[in-house]
Amino acid sequence: MKKIVAMLLVVATLLGVCLMSGCNKQNTVLTQDFVIPEGGYDGSKVTINFYHTMGEPLRAVLDAFIVEFNKLYPNITVAHEQVGGYEDVRDQIKTELTVGNQPNIAYCYPDHVALYNVARAVVTLDDLIASNIEITREDGTKEVLGLTAEQKADFIEGYYEEGKEFGDGKMYTLPFSKSTEVLYYNKTFFEEHELKVPTTWDEMEAVCAQIKAIDENCIPLGYDSESNWFITMCEQLGSDYTSATGEHYQFNNDANKQFVKRFREWYQKEYVTTQEIYGAYTSGLFTATTGQRSYMSIGSSAGAKHQRPKANDQGEYPFEVGITTIPQVNPDTPKVISQGPSVCIFKDENPQEVIASWLFVKFLTTNVNFQAAFADASGYVPVLKSVAQHPTYADKMSKADGYDNIAYLSAKVCMEQAHAYYTSPAFNGSAKARDEVGSLIQAAFIGDASAGLDALIDKVFQDAINNCKK
């Protein structure tokens, strides 16, 4: 089985395309569109394999909806497997592609797909999305193979558009579940001291100075991801970061150097620390009630429960947590990062496996009930706008607060800022750029500037570029 993909890998290798090494010499994605068989799904008995990272609570949700899917398509058997974390999924598939033993469906991030596409292994979804082929399900009802206009419009736009970030305009993924970054703040402390919650980076600097004057031993702000901070600043400023085509690594520029210099000054004043420098998630500082602590934390929206301090024996919390959008360069044109898994479909010599995989992916990603149940169990944000009106989910969202229901407060903020999400260009090597700009932030913050700050900043930027190209 799957000899076609294996042969394509051999061809790719002979052409000097370095799948296993992760090199990025090619500037264009190699594609081969899937040809939909006449009639679409013919009712064949097929088994499709799905790799993901779900723990037990989420697998239970998935299993329940597989039962619902099989009521419509009883001849499609869905086998699914937890494969460690996201990088474990990537690495296992990277190996399996060399022998044509990859799954049918997998959790993915954009750079994973770019890697798989070195071997032309991922199905382009455009024709499937646009298909008007009508399929009769087991219960006698019919559905269009593709997505209806209403289904496409229901996706949160930034999440949906991530599937096209590969430089050729084609669609490779659909969003599955998402998270982003939010600003957690000690609402009790802010109200007690009449502090303004910052909406811009200028306001953030000012409030950090105010907090430091109140509690000189604190570090006012913890920022978990240095990489996200760098990439988000590029997006907010409109400065260059990377490109899917041509010269990939474009972040070595004056605009980016200026914001890194500025945030180094914050670090030197003890206004901010990061996860890598602190040595742990900065939520530990934020939830502390004794010793050194912080009063703001920028971290994953899916980790809201970790940003809540421990309650006492009476169930009372030492402070209330507020959640809002991260600071912006310009609040009128907000930019907030989009994260969390999408799903891709792999090519197979049996087109019915591809069609069956598409039907299952479509079922999960456009199913309001599944999206509501999965979001409830995971803390991730549903990818459909209409989930906000789902009776059960809407009821829980209405009870959102900074205490027991903090996960719903986080989700509420995420859904309210849906217009702000962006994604970065994806190519084979984009993950390397992400890692390097995170390391750049660390090196700039803690590096020795005795030879001059400009010399230090120039060096850490050039080092990052050089490392990207190795």
Side-chain angles (χ1 to χ4, degrees), residues 58 61 86 107 109-110 153-163 173-185 187 197-199 223-225 227-229 231-232 235-236 281-283 286 296-308 320-328 331 333-342 364-368 370-390 392-424:
L58 298 184
V61 175
Y86 298 123
Y107 264 12
Y109 272 71
D154 196 22
F155 282 107
I156 291 174
E157 184 177 6
Y159 298 160
Y160 185 79
E161 292 300 314
E162 182 184 275
T173 66
L174 283 183
F176 191 88
S177 62
K178 293 296 177 180
S179 64
T180 185
E181 288 184 327
V182 291
L183 171 63
Y184 301 92
Y185 63 97
K187 188 175 181 181
V197 179
T199 61
Y223 204 131
D224 271 340
S225 174
S227 297
N228 284 0
W229 198 3
I231 297 165
T232 295
E235 194 72 24
Q236 289 187 8
Y281 285 109
T282 61
S283 56
F286 182 68
M296 295 177 289
S297 175
I298 295 178
S300 170
S301 61
K305 291 181 180 179
H306 299 291
Q307 301 281 357
R308 180 180 60 196
E320 180 182 2
V321 179
I323 307 178
T324 189
T325 302
I326 67 167
Q328 301 290 320
T333 56
K335 300 292 183 182
V336 184
I337 200 165
S338 170
Q339 298 184 290
S342 294
L364 296 182
T365 58
T366 64
N367 188 313
V368 176
F370 172 77
Q371 285 290 316
F374 196 86
D376 187 38
S378 67
Y380 275 71
V381 184
V383 301
L384 303 176
K385 301 169 191 172
S386 59
V387 175
Q389 285 75 52
H390 184 276
T392 302
Y393 196 76
D395 179 62
K396 291 181 177 180
M397 290 278 278
S398 70
K399 299 171 183 174
D401 60 34
Y403 300 112
D404 289 335
N405 300 309
I406 191 171
Y408 296 103
L409 180 60
S410 178
K412 185 176 181 180
V413 171
C414 292
M415 297 187 82
E416 288 173 348
Q417 65 180 21
H419 61 289
Y421 295 129
Y422 73 87
T423 53
S424 299

Between [atom1] on residue [X] and [atom2] on residue [Y], distance to nearest 0.5 Å:
X      : Y      : atom1 : atom2 : result
Gln307 : Ser297 : CD    : OG    : 3.5 Å
Leu58  : Asp376 : CG    : CG    : 10.5 Å
Gln389 : Met397 : CD    : CE    : 9.5 Å
Leu384 : Gln371 : CG    : CD    : 4.5 Å
Tyr159 : Leu174 : OH    : CG    : 15.0 Å
Met296 : Thr324 : CE    : OG1   : 12.0 Å

Is there a side-chain contact between [X] and [Y] in this structure, where contact means two heavy atoms from C-beta onward sitting under 4.5 Å apart?
X      : Y      : result
Pro341 : Tyr380 : yes
Val383 : Ser342 : no
Pro175 : Thr365 : no
Tyr421 : Ile337 : no

Legend entry - salt bridge (Lys or Arg N to Asp or Glu O under 4.0 Å) involving Lys335 - partner list, sequence neighbours excluded: none
Listed by chain and number, what are the side chain to side chain contact (heavy atoms under 4.5 Å, CB included) partners of [X], not counting sequence neighbours?
X      : value
Pro110 : Glu162, Phe166, Ala426
Ala388 : Met415
Thr333 : Asn330
Glu416 : Lys412

Heavy-atom pair with the smallest gap, counting every atom of [X] and [Y]:
X      : Y      : value
Pro382 : Ile156 : O-CD1, 3.7 Å
Tyr160 : Phe155 : CD1-CD1, 3.6 Å
Gly322 : Lys187 : N-CB, 3.8 Å
Ser179 : Val381 : CA-CG2, 4.5 Å
Leu183 : Ile326 : N-CG2, 4.1 Å
Val321 : Leu409 : O-CD2, 3.9 Å

Under a 3.5 Å distance rule, please check whether [X] uses its side chain to pair with a backbone N or O of [Y] as donor and acceptor.
X      : Y      : answer
Thr180 : Ser338 : no
Tyr109 : Gln339 : no
Glu181 : Val336 : no
Ser410 : Ser301 : yes
Lys385 : Ala153 : yes

Check side chain to side chain donor-acceptor pair (under 3.5 Å) between [X] and all other residues, then give those that pass, not counting sequence neighbours.
X      : answer
Gln328 : Gln236
Asp224 : Thr282
Thr325 : Gln417
Ser300 : none

Under the ring pair (Phe, Tyr, Trp, His ring centres under 6.0 Å) test, residues paired with [X] that sit two or more places apart:
X      : result
Tyr281 : none
Phe370 : Phe65, Phe176, Phe374
Tyr422 : none

